[in-house]
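Working notes, structure below.
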Amino acid sequence: MRLDRFLANLPNYNRQQARMLLAQQRVRVDGQVVSDPLAQVREFSHVALDDAVLQAGYPARYLMLHKPAGCVSATHDPQHPTVLDLLPAEARHGLHIAGRLDFNTTGLMLLTNDGQWSRRLTQPATKLPKHYLVDTEDEIGQHYVAKFLEGFHFAFEGLVTQPAQLHILGPRQARLAIVEGRYHQVKRMFGFYNNKVVKLHRERMGAIALDPALAPGAFRALTAEEIAAV
Ligand code: URA
């Protein structure tokens, strides 16, 4: 929210008074004096007027988790363990998943309490490439490569998938980069050839790669560079 609106929403100040407080350099955001009415205030910001704390803010959190097979990408599930169950109880609060994976898909999963950041990561307009290692039941033909680039018609959504890069690694293994995240997208793409995906592992989302030091089920905080890369 804009800083002037944040101040004008407080019980004691109207818009004009809020602008006056800013012009008088009495407002600090995260310890810095701010006089720009258009400066942004987030739920994470500490905002003070003179010595009074107007909003304490709370820390933004960003985690990468190595999702194992056999757990649900959800915050609650009545039947199965969820990815949040892999975190200590005190670390779970307020987190949501930025880009779900199917029950048996493994690999990079990002969790955060920052909705703006996760929207940037997952919204289709960003076209962030998601890289998967795919193992299939049947052989992957060379002719797949052109079809993945050209796109698949997904009748349910009424769309053609964005160009996807397929690199064949072996008779039944490939690396795939897709810029969308449609429901069961990878399985449906291979399903066009009736070729069942038997293993699916997400290696990377844009500039953020799964840390090879993380065993399945383990997690760590993102570095400042990884957070800024989104
Ligand atoms: N595509 C799929 O089919 N499943 C996933 O988990 C991710 C992408």
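Counting starts at 1 for both ligands and their atoms, following the listed order.
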Do you see a donor-acceptor pair shorter than 3.5 Å between the side chains of Thr105 and His201?
no
Asn113 side chain to His96 side chain, donor-acceptor N/O pair below 3.5 angstrom: no
Check your understanding: Counting both backbone and side chain atoms, is some N or O of Arg100 under 3.5 Å from an N or O of ligand 1?
Key -> no
The answer for which part of Ile178 has a heavy atom under 4.0 Å from ligand 1 is neither
Under 4.0 Å between heavy atoms, the region of Asp102 that gets near ligand 1 turns out to be both
Pair Asp4 + Arg19, salt bridge at N-O below 4.0 Å: yes
query: Should the pair Asp211-Arg220 be classified as a salt bridge under the 4.0 Å nitrogen-to-oxygen rule?
result: yes
the protein heavy atom lying closest to atom 7 (C) of ligand 1 turns out to be Tyr132 OH, 3.5 Å
For atom 1 (N) of ligand 1, the closest protein heavy atom turns out to be Val186 N, 3.1 Å
> How about Phe154 and Thr161: do any of their side-chain heavy atoms sit closer than 4.5 Å?
Replying inline: yes
| task | Please determine if Lys147 forms a cation-pi arrangement with Phe152, meaning its NZ or CZ atom is less than 6.0 Å from the six-membered ring centre and no more than 45° off the ring axis. | result | yes
Note: ligand 1 atoms sitting under 4.0 Å from heavy atoms of Thr105 are 4 (N), 5 (C), 6 (O)
In ligand 1, the atoms that come under 4.0 Å of a heavy atom of Gln185 are 1 (N), 2 (C), 3 (O)
